[in-house]
2 protein chains.
Amino acid sequence: MKEKVNMGKIAEMFNVSIVTVSKALNDKDGVSDELREKIKKTAEDLGYRPNHAAKSLKTQKVYNVGILIANRYVDSQEAYYFSVCGELIKKLTALEYSGIMEILQPDDERDNKMPRMFLESKVDGIIVLGQLEEAYLRHLETIDIPMIYFDFYVNYSNIDSIISDNFFSSYQITDSLIEKGHKQIGFVGNIHSTSSIQDRYLGYYKALLEHQMDIDNEYIVSDRDGLGKLIDLKLPRKMPTAFVANCDQVAYKLINTLKKEGYEVPKDVSVVSFDNTIYSTIAQPQITTVDNNVEDMVTTATRIMIKKINNPIRTYGRVLIKGKVIKRESSQNI
Amino acid sequence: MKEKVNMGKIAEMFNVSIVTVSKALNDKDGVSDELREKIKKTAEDLGYRPNHAAKSLKTQKVYNVGILIANRYVDSQEAYYFSVCGELIKKLTALEYSGIMEILQPDDERDNKMPRMFLESKVDGIIVLGQLEEAYLRHLETIDIPMIYFDFYVNYSNIDSIISDNFFSSYQITDSLIEKGHKQIGFVGNIHSTSSIQDRYLGYYKALLEHQMDIDNEYIVSDRDGLGKLIDLKLPRKMPTAFVANCDQVAYKLINTLKKEGYEVPKDVSVVSFDNTIYSTIAQPQITTVDNNVEDMVTTATRIMIKKINNPIRTYGRVLIKGKVIKRESSQNI
DNA sequence: CTGAAAGCGCTTACAG
DNA sequence: CTGAAAGCGCTTACAG
């Protein structure tokens, strides 16, 4: 275990060339099965580990995928992006890649500093987890290795995106409220804040339109300021019978606000939301929500990334992944 | 941006050798300041990125640290280990290292499969985040790169550990209750279950001893069975005026149980706990707890890891990191 | 089936 | 201050 063992050492032991050892260990043609097996066994016994750097130097691939995530997404106790990150890493490992995670600091985002893992040629491609500032993204898009945006997209750019089908899911869950007999349905979220909130708003709107229900601006409640910081919710004077909240955390806040003002959920007001995070289960009552189907998103993202690494020309556009409605106790028939 | 630029190309442009370019870019002696600046500027303009693999091949270091974490710690919505992981990665980045995260699957843990990042020589050292099965750890300890256990230790092993000072923190927070005038103080936790609960129990005991307060077995309430599964809490018939709970989640349960039985917190009974997790803030009232001081733990772990990479002989033993008491509303003067 | 040769892009002594 | 030489551990044509 102490002496460094490399292909040369194994080659010596068998009186063959390094080329033969390389072929044997990498399951390439040109070695007899018998010799291959013996070499493999010896490598195993000696605890041989291929020198990854040497391989990379020749193949020009490092078999690492970078995961870039802004500090603001990992700061809170809520850990949606972290669990996505975990899933990404599992999938990458299964595909013989490793995941290098880097957290983008606010200063670096402002100063357009490229990720270190890119500058140091440590990754073959980058998955950007969660939206970044526009100026930064424009700068980032000048890099010459494959990139994928995960969980967001930007209008002006051609970078492939993996996103949950917020529009369709929102349409579905709003529709389910309408089917339960609700005719006044509000929406909670700053619709100018992120594309995901916007899409959810539009899906909600589509459901209303299809049922000839007009949108009432009174029913649209903002949840955050321009910088994304959550603000206190101001309930409408005229109350709807149901709310579609743009995420669980806000739905959780909404339910508490409603209770404080004397409304019962779901008896007086139904609440549904998105993301199926911890907030949807610690709320009283537990919240009917949409699970983003992270599993599917992650599988798709890693598969596309590896295809792009092997063929950088190919593009995939915006890939929409359908969510699943999780029925709980916060919504009921009217 | 298209043509691959390497040191050779830059050397050509200036009619100097690759050695000179290398020295210039790496701030080594042996280049005139003037030339150095010109080379650096050109490298920047051309978007030169050093080939990390080539550097590694020579230096025998990859400048990556692995973070190994069992799947069971990242499966739940609660994300303590993820946030630790995030902090580790930030610190590593600041120290010019990258973090490669790998999630250990249950099967691989059972089958003693070494982490891929190790087998593929992608990391210079490994930080193990959270306890693993004993047999697996014994196997893991045969590897020949530096290793650190984070947030746990094992009695039989010599691997350096970074752990929170549960004993001392518990002593401190119990002492703070005594200073508030409490004389009957209970402890909630199965003291035979984990070393962390045991240490917290002993710290609690030490505080009582120092104030000549006898321990009353009636006041010790178990919280989980032998397998770690949480059980319903059985309140003592004779109620103490305060409880030290072994973690926030159990404190949260305790508060709800107390309320159900008609006790007010903190008016009738004060409650303090450990970990400063989401449970401590969603409880009503919010819980006085001990923050593990992840910041300090992480700083220490990364610093030690890098020292070990540069000098693998040196050992650091069990490093205890002090926690910080976070005062909230669940405890008060008697 | 086997191997000699070249080379990936750097760094590290060492000589001038 | 500058550079020629050697070499890190592999893989990839290519020749036999």
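In what follows, every chain begins at residue 1, and chains take the letters A, B, ... in the order their sequences are listed. The basis for the numbers below is simple: all heavy atoms, side chains too, and nothing from hydrogens, waters or symmetry mates.
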Once you round it to whole Å, what is the distance between P of C/dT11 and CG of B/Asp29?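 Taking CG of B/Asp29 and P of C/dT11, I get 15 Å after rounding.
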
Measure CD/A/Glu34 against C1'/C/dT2 and give the value in whole Å, please.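 A/Glu34 atom CD is separated from C/dT2 atom C1' by 15 Å.
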
Looking at A/Ser17, I'd like to know whether one of its side-chain N or O atoms comes within less than 4.0 Å of OP1 or OP2 on C/dA4.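 For C/dA4, neither OP1 nor OP2 has a side-chain N or O of A/Ser17 closer than 4.0 Å.
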
Presence of B/Thr20 side-chain N/O under 4.0 Å of D/dG3 phosphate oxygens OP1/OP2: yes

Under a 3.5 Å cutoff on both atom distances, Watson-Crick or G-U, what's the dot-bracket for DNA chain D ([ ] crossing, | other strand)? |||.||||||||.|||

Just checking B/Lys23: base, sugar-phosphate only, or nothing, at a heavy-atom cut-off of under 4.0 Å? base

Looking only at heavy atoms, which two atoms of B/Ile309 and B/Val65 are closest? And how far apart?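 Minimum heavy-atom separation between B/Ile309 and B/Val65: CD1-CG2, 4.0 Å.
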
Count the heavy atoms belonging to other residues, nucleotides or ligands that lie under 6.0 Å from CD of B/Glu295, then report whether that count exceeds 12.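 Count not over threshold, so no.
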
Do you see a donor-acceptor pair shorter than 3.5 Å between the side chains of B/Tyr81 and B/Asp151?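 Distance-only check passes for B/Tyr81 and B/Asp151.
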
Polar contact flag, side-chain donor to acceptor under 3.5 angstrom, B/Glu141-B/Ser157: yes

For nucleotides 8-10 of chain C, which of its nitrogen or oxygen atoms have a protein nitrogen or oxygen under 3.5 Å away, and what is each distance?
unit_1: C/dC8; atom_1: O3'; unit_2: A/Gln60; atom_2: NE2; d: 3.4
unit_1: C/dG9; atom_1: OP1; unit_2: A/Gln60; atom_2: NE2; d: 3.4
unit_1: C/dG9; atom_1: N2; unit_2: B/Ala54; atom_2: O; d: 3.3
unit_1: C/dC10; atom_1: OP1; unit_2: B/Tyr48; atom_2: OH; d: 2.7
unit_1: C/dC10; atom_1: OP2; unit_2: B/Met7; atom_2: N; d: 3.1
unit_1: C/dC10; atom_1: O5'; unit_2: B/Tyr48; atom_2: OH; d: 3.2

Presence of salt bridge, B/Arg138 and B/Glu134, under 4.0 angstrom: yes

Ignoring the backbone of A/Thr59, work out which of C/dT12, D/dT12, D/dG3 is nearest its side chain. D/dT12

Ignoring hydrogens and angles, tell me if any N or O in the side chain of A/Asn71 forms a donor-acceptor pair with the backbone of A/Pro106 under 3.5 Å.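 No.
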
Roughly how far, to the nearest 0.5 Å, is the CG atom of A/Asp296 from the CD atom of A/Glu87?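 It comes to 11.5 Å.
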
Could you work out, with ring pair (Phe, Tyr, Trp, His ring centres under 6.0 Å) as the rule, every residue matching B/Tyr316, not counting sequence neighbours? none

